[in-house]
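I have placed the structure first, in the form of structure tokens, so that the comments after it can refer back to it.
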Amino acid sequence: LGLVARSQDKLIKLANTLQSAHSVTVQVIAMDLTEPNAAQRLYDDLGDTQIDILVNSAGVGSFGCFYETDPQGDLNTLQLNVIALTHLTKLFLAPMLARGHGRVMNVASTSAFTPVPLMATYAATKAYILSLSEALAEECAGKGVTVTALCPPPVETDFWQRANATRSKTLKQPVLKADRVARQGYHAMMKGTRVYVVGIAYRL
């Protein structure tokens, strides 16, 4: 299992927990995926490690009127949610197809289905992720590789604080526990479901 995020201390703590609980080997790679060409560096760092499942779950966003928020925040959102995700998928998908098996899960959002004022760039990136994932799922059909777009509603994480979005009307909807979303997303991915919306009410 390879864990990639910015905080090395948190990754090491999680790796130790997973190794103790499940007797698996865990590789920690502390990296900021908003940096240019980070995806290529990650791919190179893994070397000959065979990646059978790729989960693109990193994402950022910011809250406020598009014309008032810091342009760099939008650029970071695009770099992580769109550029890094696309590059990582392209790098790891080709070897999966060559082997004839593999799975990709891209974490989109229920925001992928509708514009979200005050989080305009974030929602637009999630629409991109949904569109890309559905297209790739069709391209990979019958080749032993599946691509799943996971579309959760608001999830109880520190995303909202980091995005300065605690005032968002989105949070007036039910907020789901992260472990529930992860578990349902995992099962959807293993079934090869192309698009999975978490929560019956949201699917309806």
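Note that the numbering runs from 1 along the sequence shown for the chain.
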If you apply the rule side-chain hydrogen bond (donor to acceptor under 3.5 Å, both in side chains), what do you find for Gln50 with Asp52, and how did you get there? CA-CA 6 Å; Gln50 179 172 313; Asp52 296 308; 2.8 Å; yes
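- In this structure, a donor-acceptor pair under 3.5 Å is absent between the side chains of Gln72 and Asp74.
- At distances below 3.5 Å, not a single donor-acceptor pair connects side-chain atoms of Thr114 with backbone N or O atoms of Ser111.
- A 4.5 Å side-chain heavy-atom check between Val195 and Cys151 finds at least one atom pair inside the cut-off.
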Go through Thr193 and His187 one step at a time and tell me if the side chain to side chain contact (heavy atoms under 4.5 Å, CB included) criterion holds. CA-CA 9 Å; Thr193 304; His187 289 304; over 6 Å; no
Which atom pairs, donor and acceptor, lie under 3.5 Å between side-chain atoms of residues 128-137 and protein residues at least two apart or in another chain?
{"residue": "Tyr128", "atom": "OH", "partner": "Thr86", "partner atom": "OG1", "Å": "2.8"}
{"residue": "Ser133", "atom": "OG", "partner": "Asn106", "partner atom": "ND2", "Å": "3.0"}
{"residue": "Ser133", "atom": "OG", "partner": "Ile129", "partner atom": "O", "Å": "2.7"}

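- In this structure, Asn16 and Ile12 have side chains that are in contact, with non-hydrogen atoms separated by less than 4.5 Å.
- Using a 4.5 Å heavy-atom cutoff, the side chains of Leu85 and Val107 are not in contact.
- In this structure, the side chain of Arg103 does not engage the main chain of Ile53 through any donor-acceptor pair within 3.5 Å.
- No donor-acceptor pair under 3.5 Å is formed between the side chain of Thr69 and the backbone N or O of Gly64.
- Residues Val104 and Met189 form no side-chain contact, since every pair of their non-hydrogen atoms from C-beta on lies 4.5 Å or further apart.
- Defined by atom type and a distance below 3.5 Å, a donor-acceptor pair is missing between the side-chain atoms of Ser7 and Asp9.
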